[in-house]
There are 2 protein chains.
Amino acid sequence: MAVGTRERLVEAAATSFMRQGYAGSGLKQITVESRAPFGSLYHFFPGGKVELAAEALRWAGAGYAQLVAAVLDASPDVVTAVGDAFAAAAHTLEATGYADACPIATVALEVASTNEPLREVTAEIFESWLDGLTARFAGEGIAPERARELAVLFVAALEGGFLLSRAARRVEPMEALGRTVAEAVQAALPAHA
Amino acid sequence: MAVGTRERLVEAAATSFMRQGYAGSGLKQITVESRAPFGSLYHFFPGGKVELAAEALRWAGAGYAQLVAAVLDASPDVVTAVGDAFAAAAHTLEATGYADACPIATVALEVASTNEPLREVTAEIFESWLDGLTARFAGEGIAPERARELAVLFVAALEGGFLLSRAARRVEPMEALGRTVAEAVQAALPAHA
DNA sequence: GCTCTAGTAGAGCGATCACTCTAGCCCCGG
DNA sequence: CCGGGGCTAGAGTGATCGCTCTACTAGAGC
């Protein structure tokens with residue numbers, strides 16, 4: 001078995017979907033990259049490409065949520081933490097040649113009007129991200145509705161930053177967003193000096 | 001000729017790329033929807049799918065820039081205008097069943113790591129949007145660097161809003177972003193009361 | 001009337017797509 | 001020693017992909 005054929009398939013699928021999108025990723029290529037026999041794919045995922053994609057999205061979405069949470073928890077000051085998160089995203093972009101960004105966004109835009117089951121999966125992932133962030137901001141004494149607005153701003157800006165920075169192959173947009181979003185969080189803090 | 005086979009091809013291509021992405025759009029389907037003979041496609045676009053996509057992206061990108069500029073110019077107060085732009089985007093999403101959003105973003109994410117010529121086209125379009133918005137904000141007396149930051153925030157939030165709202169099929173994220181971004185612009189105004 | 005070009009029209013190319021099918025391997029309980 | 005399920009393994013399916021090719025038509029210039 002060795003590290004699990006199923007896990008290798010999910011990982012390779014997540015990477016392929018992140019970089020080439022859903023329609024642009026071939027199942028053959030995914031099996032080759034995960035060194036899995038083609039037949040195993042349909043053994044583990046009888047639902048085919050859609051089921052594999054759903055699993056890959058959920059796996060990558062949970063992993064990314066953990067990553068962001070870790071960065072945010074690294075700093076006691078929430079304003080600094082928000083800035084750090086955008087800086088970390090910018091650094092990852094540069095380090096991977098602008099290939100590794102959000103593992104969900106590309107697929108989410110592709111399937112939003114063409115594949116209802118996958119659209120629902122992406123919606124659940126984004127909602128779980130927003131819930132986590134809303135709780136994080138609310139924990140700083142920010143009112144729930146305001147905390148939710150900031151969570152939406154955080155995720156939307158991060159995703160927009162990935163889009164602009166990947167297209168331009170420059171981290172400047174992501175860095176600028178880090179400053180602006182951090183300021184917005186600062187302004188929403190109850191006892192901001 | 002009748003309204004131009006070439007124009008119909010570009011329009012149909014832009015719509016298809018917006019809703020289904022680049023890899024998910026077939027040339028056959030585009031020719032059918034534009035009622036153009038398949039041979040004409042390669043007569044007008046000898047470069048094939050890439051050349052057609054480049055033209056469609058540029059056409060749609062210029063049109064969308066005009067649309068946003070029109071909404072922004074409709075209100076003399078820039079803060080209100082920014083809010084109106086997000087409200088208009090939310091309204092369009094609802095009216096089209098969350099199908100018509102940004103004509104560039106989906107393709108931009110798809111091609112960012114897989115198709116260098118198209119990546120450059122999307123970069124140029126985003127940069128032209130940012131230039132226009134930066135000038136608009138600078139015209140309100142905001143310092144150039146700050147105006148650029150706000151332009152990046154505006155575009156990133158709009159794109160992020162499209163992503164979140166399309167995935168969730170709810171306009172709440174887009175509306176929340178309208179409030180937050182308008183506030184950020186308000187705060188950056190030189191003589192804000 | 002003639003040619004020449006722009007554009008129409010679509011059959012057909014090899015390649016690749018998602019997916020199905022059969023066959024065989026390995027290991028475990030009996 | 002045997003049988004059966006979990007998994008490997010890949011050939012083969014029809015459909016569709018982007019693209020090429022040839023043939024044809026309409027109108028302008030001489």
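Labels below follow one simple rule: chain letters A, B, ... track the order of the sequence lines, proteins then strands, and each chain is numbered from 1.
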**Prompt:** Any ion pair linking B/E149 and B/R146 (charged N to carboxylate O, less than 4.0 Å)?
**Reply:** yes
**Request:** Counting heavy atoms from C-beta on, name the nucleotide in C/dC19, D/dG18, D/dA9 closest to the side chain of A/P37.
**Result:** D/dA9
**Distance, rounded to the nearest Å, where B/E51 contributes CD and D/dG18 contributes P** = 15 Å
**Request:** Please determine which of B/E140, B/Q186, B/E183 meets the side-chain contact (heavy atoms from CB on, under 4.5 Å) test together with B/V79.
**Result:** B/Q186
**Request:** Establish, with yes or no, whether the OP1 or OP2 oxygen of D/dC7 is under 4.0 angstrom from a side-chain nitrogen or oxygen of A/T5.
**Result:** no
**Rounded distance (Å) that lies between atom C1' of D/dC19 and atom CD1 of B/I30** = 14 Å
**Request:** Please check the phosphate of C/dG7 (OP1 and OP2 only) for any side-chain N or O of B/S40 closer than 4.0 Å.
**Result:** no
**Prompt:** To the nearest Å, how far apart are B/H43 NE2 and D/dC19 P?
**Reply:** 17 Å
**Request:** Whole angstrom is fine here: how far is it from CD in B/Q20 over to P in D/dC17?
**Result:** 10 Å
**Item:** Integer-rounded Å distance: D/dC19 P and B/Q29 CD
**Value:** 16 Å
**Prompt:** Parallel, tilted or perpendicular: which describes the rings of A/Y42 and A/F38, with under 30° parallel and over 60° perpendicular?
**Reply:** tilted
**Request:** Step through it carefully: locate the ring centre of A/F154, locate the ring centre of A/F86, and say whether they are under 6.0 Å apart.
**Result:** yes
**Prompt:** Separation of A/R6 atom CZ from D/dT8 atom P, in whole Å?
**Reply:** 12 Å
**Prompt:** With a non-hydrogen cut-off below 4.0 angstrom, is A/G39 in contact with a base, only sugar-phosphate, or nothing?
**Reply:** base
**Message:** Let's see if you can work this out: which of D/dG12, C/dA6, D/dC7 has an atom nearest to the side-chain heavy atoms of A/F44?
**Reply:** D/dC7
**Asked** Which part of the nucleic acid, if any, lies within contact of B/T31, taking any heavy atom under 4.0 Å across all strands shown: a base, the sugar-phosphate backbone alone, or nothing?
**Response** nothing
**Request:** Could you tell me the separation between the CG atom of B/L41 and the C1' atom of D/dC19, rounded to a whole number of Å?
**Result:** 10 Å
**Complete:** Separation of C/dC19 atom P from A/L52 atom CG, nearest Å, is 10 Å
**Item:** A/L177 vs A/L158 side-chain heavy atoms within contact, under 4.5 Å
**Value:** no
**Asked** Toward the 5' end of DNA chain C, which comes first, B/F38 or A/L27, by nearest nucleotide?
**Response** B/F38
